[in-house]
Structures are given as structure tokens and as C-alpha cells.
Amino acid sequence: MQTAGAQAAVEAVGLVKRYGRTTAVDGLDLTVERGSVTAVLGPNGAGKTTTIEACEGYRRPDAGRLRVLGLDPYTPAGAAALRPRIGVMLQSDGVYPGVRALEMLRHLAALHAHPLDVDALAERLGLASCGRTPYRRLSGGQRQRLALALAVVGRPELVFLDEPTAGLDPQARHATWELVRELRADGVTTVLTTHFMDEAEELADDVAIIDTGRVIARGTPAELCRGGAADTLRFGGPPALDLTSLKAALPAGADVSEPSPGAYRVTGEIDPRLLATVTAWCAQHGVLPDRITTRRHTLEDVFLELTGKELRS
Ligand SMILES: Nc1ncnc2c1ncn2[C@@H]1O[C@H](COP(=O)(O)OP(=O)(O)OP(=O)(O)O)[C@@H](O)[C@H]1O
């Protein structure tokens with residue numbers, strides 16, 4: 001979880017960034033622990049990219065305090081010291097269209113003191129076969145994978161990945177996840193934005209949910225799920241069952257209702273014991289339950305509850 005500033009890879013306090021009349025980031029506080037993978041989630045326009053770009057040194061905040069690896073990215077000395085220590089996924093604008101994928105990767109690797117093995121990296125990200133292809137002829141997915149390779153080839157201490165798997169096929173997504181896990185095992189800090197809930201649940205030690213330019217929830221995926229609405233168990237049966245004795249048999253904090261005739265819903269912490277209580281009660285009352293289903297509360301549910309919006313765009 002959050003640590004003191006000296007230890008943090010990123011420390012943003014009261015960050016504000018405006019574009020004309022639009023306040024994209026509105027007093028945002030975010031601490032990213034070193035060595036962690038932090039996922040920044042939020043609906044479209046929440047301010048995720050602006051926050052990441054501020055941390056990368058591309059968008060000077062209008063107010064607030066920002067430290068990246070303990071340095072101010074907006075002083076010349078801070079920016080120069082950070083450049084070799086952070087990895088950024090470049091946008092395609094600004095890339096010379098005739099440059100070949102592997103040339104670019106080798107060029108960037110040569111600028112770093114201890115780069116990763118270029119061929120091995122290209123191989124694992126599925127770039128070996130298109131290594132000689134000019135940038136302009138790469139597919140969207142190949143460009144995306146090249147951008148990821150460019151971000152990590154210099155063996156940075158801190159990597160910023162803005163929607164690293166958007167538009168990738170499942171195989172490339174899994175290769176990307178594997179790479180992020182290995183980076184973490186090597187002590188690298190990763191900050192990523194994503195619209196994919198499974199990505200956050202798979203990868204993130206810590207999740208920050210952003211809406212209207214502020215962090216509105218923070219914690220591990222498990223902590224965020226626990227803090228939200230209850231899990232549910234549903235079963236079908238004859239309508240208008242007398243639920244008094246079932247209510248009495250359920251553990252504290254659980255409840256049962258009949259939202260529509262013959263459809264029953266138990267809320268609370270749904271565990272195997274509670275399921276057994278429900279089925280035992282049904283047996284005692286001669287009820288053969290129809291379609292018993294259990295549903296754990298997911299990060300997606302938490303997100304919807306907090307923002308009122310679907311995660312995916
Ligand atoms: N260069 C810009 N000029 C003007 N407004 C901008 C600019 N970049 C972003 N904005 C606005 O700032 C707000 C936050 O945008 P930002 O791209 O940071 O959000 P986001 O959470 O990354 O969204 P998405 O999930 O859609 O990528 C939005 O209202 C957006 O329209």
C-alpha cells in the first residue's frame with residue numbers, strides 16, 4: 001500500500017492540469033510504491049492519460065507537487081536525471097515512418113548503459129518477423145508491441161504504460177502481461193492505465209480509480225472488491241416461500257429476499273457454508289431449487305458503483 005514519499009516511485013499531491021476551460025486533473029493525490037504494479041482505471045476523459053503524461057514529464061501541471069523517483073520532472077536537472085531511468089510508451093506521432101522496427105529498438109538500446117537483449121525482447125513480443133518492416137507498414141498491434149519494447153529496452157526503474165494491450169490479440173496480451181510480471185520480479189515499478197478489468201485484476205498490486213480528475217478509490221483489487229456491495233446467491237423456486245426461518249439461519253450480515261415472484265436472492269459474504277445453509281433449508285422445506293448461482297463482487301462492479309459508468313469504452 002502507500003508509503004512515505006522518500007520510498008515512493010511517484011508521489012503526486014494536489015495535482016492540477018487544465019486545458020483551457022477543461023480541468024483534466026483536479027487535485028489528484030497518488031502515491032506509487034517502488035517495485036509495484038499500479039493500475040490506473042477510470043472512465044473515458046477521467047484524466048488518466050494526462051496524469052501519466054504529467055509523470056512522464058510531458059504535461060507540466062498547473063498546480064500541485066509531483067515527484068518521480070524523488071525528482072521533479074519539470075526542472076532541467078530532474079528531467080535529465082529521469083530520462084534514462086524511466087520507460088515510456090511512445091505515441092506513433094513523431095516516429096520517422098521509414099525506420100525499421102528492429103533498427104529503432106537497437107538504436108534506443110544503444111543509448112542505455114545496460115539494455116535488455118534486443119533480439120530476445122523482439123522474439124518474445126512477436127516482433128522478430130517484422131523487424132525489417134518500415135514503421136509505416138507495421139500493423140496497429142505491431143506498433144503497440146514495438147512501443148512496449150521501446151519502453152522497456154533500456155531496463156528502466158519505472159515504466160509508464162498507457163493502455164498497453166489495447167487492440168492486441170489474446171496471445172500478445174498474455175506476452176505483455178508476462179513481461180510486466182517479469183519487470184516486477186526484477187524490481188521495476190510499473191504504472192499502467194487500462195480499460196480491461198481482467199488486466200487490472202491479473203497484474204495490479206494496487207489500483208487507483210480516477211474520475212473527473214481525482215482518485216476516488218484506492219487499494220488492492222481484493223480490498224476494493226471487499227469494500228463494495230455484497231456478493232449474491234440466487235435461486236429459483238415456488239413463489240412466495242416463507243423466508244423467516246431461512247433469514248434466521250443465515251449468518252449475521254446476510255439477508256434473503258424475493259425480488260420477483262419465484263426468484264430469490266441472498267446477499268452477504270457468499271461462502272460454501274452459506275450455500276450449504278441455503279440448500280439445507282430448501283431440503284427441509286421440500287423445495288428443489290432451480291438454477292442456483294453465486295456471484296462474487298468484481299472490480300468491474302466496484303467501478304460501476306463508484307463511477308456509474310462502464311469501464312470499457
Ligand atoms: N490536449 C488536450 N487539449 C484539450 N483537452 C484535452 C487534451 N487532452 C485531454 N483533454 C481533455 O482532458 C480530459 C481528460 O483527458 P484524458 O485524456 O487525460 O482522460 P483519460 O482518462 O485518459 O481518457 P480516455 O480513457 O478516454 O483515454 C478530457 O476531458 C479531455 O477531453
Side-chain angles (χ1 to χ4, degrees), residues 9-32 37-68 73-74 79 86-95 140-141 143-145 147-148 151 158-168 173 176-177 180 189-204 206-219 221 224 298-313:
V10 174
E11 192 193 16
V13 182
L15 211 63
V16 175
K17 176 68 193 171
R18 297 184 199 93
Y19 300 107
R21 287 200 194 149
T22 305
T23 303
V25 175
D26 189 14
L28 178 136
D29 298 329
L30 180 68
T31 306
V32 174
V37 176
T38 295
V40 177
L41 308 179
N44 290 129
K48 304 180 294 294
T49 299
T50 303
T51 301
I52 297 265
E53 288 180 348
C55 296
E56 291 168 346
Y58 294 141
R59 301 261 180 216
R60 180 186 286 275
D62 295 307
R65 178 188 147 87
L66 178 62
R67 291 292 177 272
V68 178
Y74 294 93
I86 66 174
V88 170
M89 272 181 94
L90 298 168
Q91 302 300 313
S92 54
D93 336 326
V95 175
R143 288 181 187 191
Q144 184 91 339
R145 284 178 276 141
L148 177 63
L158 170 62
V159 188
F160 294 101
L161 305 177
D162 199 0
E163 298 193 37
T165 64
L168 295 188
R173 282 186 85 204
T176 303
W177 290 359
V180 171
T189 309
T190 301
V191 181
L192 62 93
T193 68
T194 183
H195 282 115
F196 298 119
M197 205 45 78
D198 57 341
E199 187 155 287
E201 280 175 339
E202 277 285 328
L203 292 181
D206 213 353
V207 171
I209 298 181
I210 295 189
D211 198 12
T212 57
R214 287 168 174 263
V215 173
I216 57 167
R218 189 67 205 275
L224 286 173
T298 64
L299 207 46
E300 187 122 29
D301 299 323
V302 176
F303 185 89
L304 253 171
E305 248 167 56
L306 289 171
T307 67
K309 293 166 197 137
E310 298 280 355
L311 187 63
R312 273 165 219 217
S313 50

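Just follow the structure's listing: the first ligand is 1, and inside any ligand the first atom is 1. Residues take their numbers from the sequence shown, with the count starting at 1. These values consider heavy atoms only, across backbone and side chains, with no hydrogens, waters or symmetry-generated copies.
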Check your understanding: Do you see a protein non-hydrogen atom under 4.0 Å from atom 7 (C) of ligand 1?
Key ->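 Yes, at least one protein heavy atom sits under 4.0 Å from atom 7 (C) of ligand 1.
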
Check your understanding: Does the protein put a heavy atom under 4.0 Å from atom 31 (O) of ligand 1?
Key ->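 So far as the 4.0 Å threshold goes, atom 31 (O) of ligand 1 is out of reach of every protein heavy atom.
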
List ligand 1 atoms under 4.0 Å from [X], heavy atoms only on the residue side.
{"X": "Pro43", "value": "21 (O)"}
{"X": "Ala46", "value": "19 (O), 20 (P), 21 (O)"}
{"X": "Thr50", "value": "15 (O), 16 (P), 18 (O)"}
{"X": "Asn44", "value": "23 (O), 24 (P), 25 (O), 26 (O)"}
{"X": "His195", "value": "25 (O)"}

Is there side-chain contact between [X] and [Y], with at least one heavy-atom pair below 4.5 Å?
{"X": "Val16", "Y": "Val25", "answer": "no"}
{"X": "Leu203", "Y": "Phe196", "answer": "no"}
{"X": "Met89", "Y": "Leu161", "answer": "yes"}
{"X": "Pro43", "Y": "Phe303", "answer": "yes"}

Review point. Going by distance only, is there an N or O of Gly45 that falls short of 3.5 Å from an N or O of ligand 1?
Key: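 So ligand 1 has an N or O lying under 3.5 Å from an N or O of Gly45.
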
Review point. Are any of the N/O atoms in Gly42 less than 3.5 Å from those in ligand 1?
Key: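 For ligand 1, there is no N or O atom that lies under 3.5 Å from one belonging to Gly42.
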
Practice item. Give the C-alpha distance, both sets of side-chain angles, the deciding distance and a yes or no for side-chain contact (heavy atoms from CB on, under 4.5 Å) between Thr189 and Val32. Key: CA-CA 8 Å; Thr189 309; Val32 174; 3.6 Å; yes

Check your understanding: Thr165 pairs by side-chain contact (heavy atoms from CB on, under 4.5 Å) with which of Leu148, Val180, Thr176?
Key ->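 For Thr165, the side-chain contact (heavy atoms from CB on, under 4.5 Å) test succeeds with only one of Leu148, Val180, Thr176, which is Thr176.
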
Check your understanding: Glu53 pairs by side-chain contact (heavy atoms from CB on, under 4.5 Å) with which of Arg60, Lys48, Arg59, Lys17?
Key ->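 The option that passes is Arg59.
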
In terms of residue, atom name and distance, what is the protein heavy atom nearest to [atom]?
{"atom": "atom 9 (C) of ligand 1", "answer": "Tyr19 CE1, 3.3 Å"}
{"atom": "atom 29 (O) of ligand 1", "answer": "Thr22 CG2, 3.7 Å"}
{"atom": "atom 19 (O) of ligand 1", "answer": "Gly47 N, 3.1 Å"}
{"atom": "atom 12 (O) of ligand 1", "answer": "Ala24 CB, 3.3 Å"}

**Study point:** ligand 1 contact on Thr49 by region, counting heavy-atom pairs under 4.0 Å
**Key:**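 Looking at Thr49 and ligand 1, atoms from backbone and side chain both fall under 4.0 Å.
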
**Study point:** Best match, Arg21, Arg18, Glu53, Lys48: closest heavy atom to atom 20 (P) of ligand 1
**Key:**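 Of the listed residues, Lys48 has the closest heavy atom.
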
Practice item. Apply side-chain contact (heavy atoms from CB on, under 4.5 Å) to the pair Asp26 and Thr212, showing each step before the final yes or no. Key: CA-CA 7 Å; Asp26 189 14; Thr212 57; over 6 Å; no

**Study point:** Glu199 CD to Thr193 OG1 distance, which is reported to the nearest 0.5 Å
**Key:**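 The OG1 atom of Thr193 is 8.5 Å from CD of Glu199, to the nearest 0.5 Å.
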
Practice item. Report the C-alpha distance between Val215 and Ile210 in whole Å, list the side-chain angles of each, state the deciding distance to 0.1 Å, and finish with yes or no for side-chain contact (heavy atoms from CB on, under 4.5 Å). Key: CA-CA 4 Å; Val215 173; Ile210 295 189; 4.2 Å; yes

